[in-house]
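First the structure, in the form of structure tokens, and then the observations on it.
Every chain is numbered from 1 and lettered A, B, ... according to where its sequence line falls, protein lines coming before strand lines. As the structure is a prediction and not an experimental result, all values here were calculated from the model. Because only heavy atoms are used, hydrogens play no part in the values below, and waters and symmetry mates are left out as well, while side chains stay in.
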Amino acid sequence: MKILLIEDEKELSSTIQSYLTRGNYLCETALTYDSALEKINLYIYDCVIVDITLPDGSGLDIIKELKKEHPKTGIIIISAKNSLDDKIVGLDIGADDYLTKPFHLSELNARVKSIIRRRHFDGTNVIVLNEMRIVPDQMQVFINENEIQLTKKEFDLLMYFLSNKNRVLTREAIAEHLWGEEIDMADSYDFIYTHIKNLRKKMVENNGHDYIHTIYGIGYKFLTT
Amino acid sequence: MKLLTRTSINYIFFSVIAFLVGGVIFYHVVRSIFYRQIDETLRMEKILIEEQIDFSDTLPDFRQVFSHMIEVTVFNTPKKKFEFIKDTMLYDKSGNRLIPVRQLICENTSIQDQGYIISISKPLSETTQLITTIVGALVMLFVFLMGLLIFLNYFISKSIWGPFNKTLESLRNFDIKKAQDLVLKESGISEFRQLNKALDRMARKLRRDYMNLKEFNENASHEIQTPLAIIKSKLELLIQGEKLTRSQLEMINSVYEAATRMSKLNQGLLLISKIDNNQFDATEKVNLQELVEKYLEHFEEITDMKHIRIIRNYHAPAITEMNSTLSEILVSNLLSNSIRHNVEGGEITISMDANGFQISNTGHLLSIPPEELFRRFRKSERTSDSVGLGLAIVRKIAHFYQFEITYEVNENIHTIRLMIIPRKTAS
């Protein structure tokens, strides 16, 4: 899977790159508008992450060019401008998703995964992990071929973990993923704890493996190794 | 009150006062002129009568000579000499009634050394009629003139103030967010020209300042969010390390949380300034009941876990015209507020009708007056880790749409009421 990251901030670019690379993606970076155009004209990417405000051009123009050349490429906009206009315009000209800076790397990773999944399997894919089988579009989860009933939030949580296997997920990233950015619940960590407890229980009850580990003081990790 | 109405009313008011005072004075002047003339005639007649008496030394029959009511009474004793004129009433035989007269009475001694009194009366009815006619004609003339003047004043004022009204109209239509400049009509009157010039300068400056501010806000947001994004992503990468100790993780987590808070703060403040700058002008019909239901479902797990009972009291859906983003922020902030400050096993009551809705929740006693909670960064001590902008944003949105918002606390029940149609105007 090849990803192009168009982001002018060098530090941010290298951080995102190393996070995504750990997920077995090949992540290339472009720091300027010109180099980004050059790269999308030379290679084909599965997903392009583009910052709208670049020093020598607008990311929106890159999206237009990309849509013309490679319409199958998934596009995620990352922008520091939380402005509605950019979001509407961006999604209008064909971007798949929009993230406002600062975002959680795990969130970006999950969105990239979801877009690639949608683009490559036309929504008919099945995720298999050891004894687990998940049909994302039906929201079905099977453990040892027994279907387990999960609430919507539990399912979202499981998918989020699966997108970020073997990585530490902060409680904040999980809370924002489940309830959106506007949520500012002082005690939302307790709810995450309860959700995770329920999810673990349902998985273990069906003789599933206990994948979710608590990382003290920070969050959780879905360990497959 | 309109300027024209105001000047017209003032005009009429002072004209009527001037007319009343002038009318009274005029009436008295006319009356005194007529009376002086009557009195002169009376004196002339008296002199004629006295001359007649002196000449003939007898009492002539005056009724033949003068048409007035003249009486001469003769006394045996001599009389003192005096004379006066007064207004009085006399009985008129022909009309069989009392009529007002001007009467001259004089006593004299002359006829064969006998005293006599002459009393000459002149009916006033004719004079009164004359005065009435004159004053009446004058009133008519005045009313006509006043009407004409008010009419003229109205139209002249209207044409003179025309450019001013045009200026007012374009000021009212002026929108700082739209690129369109303030269009002012040229006027021949120098004061209005100056006014237009000053307004034009002000509008330009306002727009420039507004643009600068907007630009600054966007830039500030961009410039702050990017370093924050770097901090947060680096930390996220850092915690993936295997060999971190507990205390290191705790420290990283504190930094991470602080960075998150800072970015939330920045976003909240930016949102408030965006509302202030009227940057949410696209509106659509919003059904607040549907929105409340949507967010109740969104927060369902949280309310379930806290064992909070939701009581719905819908009479009619509140529907209003507003920006959809702002409506979502409004409702989600209010609901998450009522959940966050709730107690384990508490209640949330949502009442709604077409005029608005109210959200009541069980909670803790407040350490500060309830209205204070609408101010930025004011929060109760219990939830010190929240940013403290939620209700400030709610109030900003409410004020932006002229909704009426109140916060009441009754023992441990907190109620926020939002009226989309203010009670004053709702029938």
Side-chain angles (χ1 to χ4, degrees), chain A residues 7-16 18-19 22 51 53 78-85 88 100-109 151-154 166-173 176 178-188 190-191 193-195 198 215-219 221, chain B residues 218 221-237 239-241 244 246-247 249-254 256-257 259-260 263-264 267-268 270-271 274 279-280 282 298-302 305-306 323 325 328-329 332-333 336-337 339-341 382-387 389-390:
Chain A
E7 162 65 59
D8 60 304
E9 197 68 45
K10 218 180 262 167
E11 283 298 322
L12 194 58
S13 173
S14 68
T15 319
I16 296 172
S18 59
Y19 193 92
R22 295 178 66 162
D51 185 1
T53 42
I78 50 172
S79 170
K81 272 199 214 160
N82 188 9
S83 103
L84 206 65
D85 295 345
I88 291 167
T100 308
K101 282 185 205 168
F103 45 79
H104 300 277
L105 290 177
S106 47
E107 183 67 37
L108 177 66
N109 191 37
T151 65
K152 174 141 195 327
K153 287 276 181 328
E154 284 163 2
N166 300 317
R167 288 175 207 217
V168 180
L169 293 184
T170 62
R171 290 173 300 199
E172 281 177 54
E176 273 190 30
L178 292 185
W179 286 289
E181 249 182 86
E182 74 268 29
I183 188 81
D184 186 23
M185 295 277 172
D187 33 19
S188 58
D190 298 343
F191 306 134
Y193 173 75
T194 318
H195 275 308
N198 290 342
I215 308 296
Y216 179 83
I218 289 259
K221 196 170 185 175
Chain B
E218 280 184 11
S221 150
H222 187 262
E223 297 310 319
I224 290 173
Q225 299 293 49
T226 307
L228 276 174
I230 296 173
I231 294 172
K232 284 188 75 176
S233 56
K234 291 273 176 205
L235 289 173
E236 224 181 317
L237 211 55
I239 53 170
Q240 307 301 335
L244 290 171
R246 235 174 210 224
S247 67
L249 277 172
E250 266 171 27
M251 253 193 285
I252 294 170
N253 194 47
S254 303
Y256 191 75
E257 277 178 359
T260 306
S263 109
K264 279 198 172 140
Q267 276 165 3
L270 264 172
L271 179 66
K274 272 186 182 172
Q279 273 164 292
F280 292 95
H298 190 65
F299 295 139
E300 204 177 359
E301 286 99 347
I302 301 179
M305 253 176 263
K306 263 190 145 177
N323 182 279
T325 311
E328 303 237 343
I329 294 170
S332 78
N333 274 2
S336 69
N337 186 68
I339 297 168
R340 187 191 310 146
H341 300 286
R382 286 171 189 277
T383 50
S384 53
D385 50 347
S386 75
V387 174
L389 280 176

Audit row: B/K234, A/S14, side chain to side chain contact (heavy atoms under 4.5 Å, CB included) steps and yes/no: CA-CA 9 Å; B/K234 291 273 176 205; A/S14 68; 3.7 Å; yes
Part of B/E328 lying under 4.5 Å from any heavy atom of chain A: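 No part of it gets close to chain A.
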Side chain / backbone / both / neither for B/K232 at chain A, heavy atoms under 4.5 Å: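 For B/K232, the contact with chain A is made by the side chain alone.
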Residue, of A/L108, A/L105, A/L12, that accumulates the most heavy atom pairs under 4.5 Å with chain B: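 Option with the greatest count: A/L105.
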Heavy-atom pair of closest approach, residues B/T226 and A/K101: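 It is OG1-NZ, 4.3 Å.
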Shortest non-hydrogen separation from B/Q240 to A/V168 and the atoms involved: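 B/Q240 and A/V168 have their closest heavy atoms at OE1-N, 2.6 Å.
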Side chain to side chain contact (heavy atoms under 4.5 Å, CB included) assessment of B/E236 paired with A/R167: CA-CA 10 Å; B/E236 224 181 317; A/R167 288 175 207 217; over 6 Å; no
For chain A, the option from B/I231, B/I252, B/N253, B/T260 that forms the most heavy-atom pairs under 4.5 Å: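 Sorted descending by pairs with chain A, the first entry is B/N253.
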A/E9 versus chain B, the contacting section by heavy-atom distance below 4.5 Å: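 Interface part for A/E9: side chain.
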Chain B contact via A/L169 - side chain, backbone, both or neither, heavy atoms under 4.5 Å: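 Contact with chain B involves no heavy atom of A/L169 at all.
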Measuring from [X]:[atom1] to [Y]:[atom2], what's the distance to the nearest 0.5 Å?
X      : Y      : atom1 : atom2 : result
B/K264 : A/E172 : NZ    : CD    : 6.5 Å
A/I218 : B/L249 : CD1   : CG    : 5.0 Å
B/E300 : A/K153 : CD    : NZ    : 8.5 Å
A/K221 : B/I239 : NZ    : CD1   : 9.0 Å

Criterion side chain to side chain contact (heavy atoms under 4.5 Å, CB included) on B/Y256 and A/H104, from CA distance to verdict: CA-CA 11 Å; B/Y256 191 75; A/H104 300 277; 2.4 Å; yes
